[in-house]
Amino acid sequence: NYQTATNKVALDKGNVSLNINAATTGAIKVNVGKDDSKVVSTTQKLVSSYNRLHDILSSSGNNITKLGTTALNGVESLVGKTWSADFSSIGISLDKNTGYLQVDSKKLSAALESDSAKVNNLLTGTVSLGKVVERASKAIENAPASNYIKVPNPLNSLNYGSEYSTSGWMFAQNNLSQGLFLNMMV
């Protein structure tokens, strides 16, 4: 039995709340349970967000900095090495060829049914996928992009001394132009 003077009811230390919209004289039955589908969809969103971050950092090729590599390595180490068997048992794996995380939603749902405490610990515990991604996200959020991706040299876009242009007429022209410029300076 629960009595309140307002239309709001809070149970389970505020974890469950109800708003009563109409008066009734009959009994009201409230069933409360966990919704594993929300855990699966939230996990898929987390993995998708990580994979987008992976795309951004890895698509920069040789321009990724040590901090950028560290941001990716935290997740890759946790899921792909340190706790690989545990994450695999709940349907989360790391594709070692692409670096992308993958979620097997059926396996994750089955793991939630059989051992939700293990899933909770791997996703939200002290050393978990959620915490590692959160730390990487906060670090990235609070720092300029140049900490994670090297800023391109503006001269490279003009092919002056570009590390990518080492043959052909443009390379020869650049060398000639640079030589003339240096001669004028001396």
Side-chain angles (χ1 to χ4, degrees), residues 14-15 34-168 170-171 174:
N15 291 321
K34 63 181 183 163
D35 185 356
D36 290 342
S37 67
K38 298 241 186 218
V39 174
V40 172
S41 67
T42 302
T43 301
Q44 289 170 328
K45 288 177 187 173
L46 175 68
V47 165
S48 178
S49 294
Y50 168 78
N51 288 341
R52 279 195 307 275
L53 172 65
H54 184 277
D55 274 344
I56 291 167
L57 293 176
S58 63
S59 69
S60 64
N62 292 336
N63 290 326
I64 191 170
T65 66
K66 186 175 181 177
L67 282 174
T69 302
T70 301
L72 295 177
N73 286 347
V75 171
E76 291 175 2
S77 178
L78 180 72
V79 177
K81 296 175 187 165
T82 310
W83 297 95
S84 173
D86 290 307
F87 277 102
S88 179
S89 73
I90 67 165
I92 299 174
S93 60
L94 177 75
D95 183 321
K96 294 186 190 236
N97 293 322
T98 64
Y100 290 128
L101 290 179
Q102 300 169 330
V103 178
D104 179 335
S105 56
K106 289 181 183 177
K107 202 170 183 180
L108 180 56
S109 294
L112 284 163
E113 282 293 318
S114 65
D115 193 355
S116 62
K118 177 181 180 179
V119 174
N120 185 47
N121 187 46
L122 288 170
L123 295 178
T124 63
T126 306
V127 180
S128 65
L129 179 59
K131 293 291 183 192
V132 170
V133 171
E134 178 184 33
R135 277 192 298 275
S137 298
K138 284 184 178 179
I140 290 170
E141 176 183 60
N142 294 322
S146 61
N147 283 4
Y148 299 93
I149 300 172
K150 294 176 191 168
V151 177
N153 182 341
L155 294 178
N156 286 348
S157 64
L158 300 172
N159 281 329
Y160 292 121
S162 172
E163 60 196 72
Y164 306 108
S165 175
T166 58
S167 63
M170 187 59 111
F171 180 70
N174 286 341

Could you tell me the separation between the NZ atom of Lys118 and the CG atom of Leu123, rounded to the nearest 0.5 Å? 11.5 Å

For Lys131 versus Gly125, what's the shortest heavy-atom pair and its separation? CG-O, 3.0 Å

Measure the spacing between CG of Leu101 and NE2 of His54 and express it to the nearest 0.5 Å. 8.5 Å

I'd like to know if the side chain of Lys107 reaches the main chain of Ser88, judged simply by a donor and an acceptor atom lying under 3.5 Å from each other, with no hydrogens or angles considered. yes

Anything under 3.5 Å between a donor and an acceptor, one on a side chain of residues 75-84, the other on a protein residue two or more places apart or in another chain? List them.
residue, atom, partner, partner atom, Å
Thr82, OG1, Ser77, O, 3.3

Side chain to side chain contact (heavy atoms under 4.5 Å, CB included) against Asp55, all qualifying residues, sequence neighbours excluded: Tyr100

Using side chain to side chain contact (heavy atoms under 4.5 Å, CB included) as the criterion, point out the one residue from Asp95, Asn51, Ile92 that pairs with Gln102. Asp95

Can you see which heavy atom on Ser89 is nearest to which on Ala111, and at what distance? O-CB, 4.3 Å

Return yes if some donor-acceptor pair links the side-chain N/O of Thr43 with the main-chain N/O of Val39 below 3.5 Å, else return no. yes

Between Tyr50 and Leu72, what is the shortest heavy-atom contact and its length? OH-O, 3.6 Å

Rounded distance (nearest 0.5 Å) linking atom OG of Ser109 with atom CD of Glu113: 8.0 Å

Which pair of heavy atoms, one from Ser128 and one from Asn121, lies closest together, and at what distance? CB-O, 3.4 Å

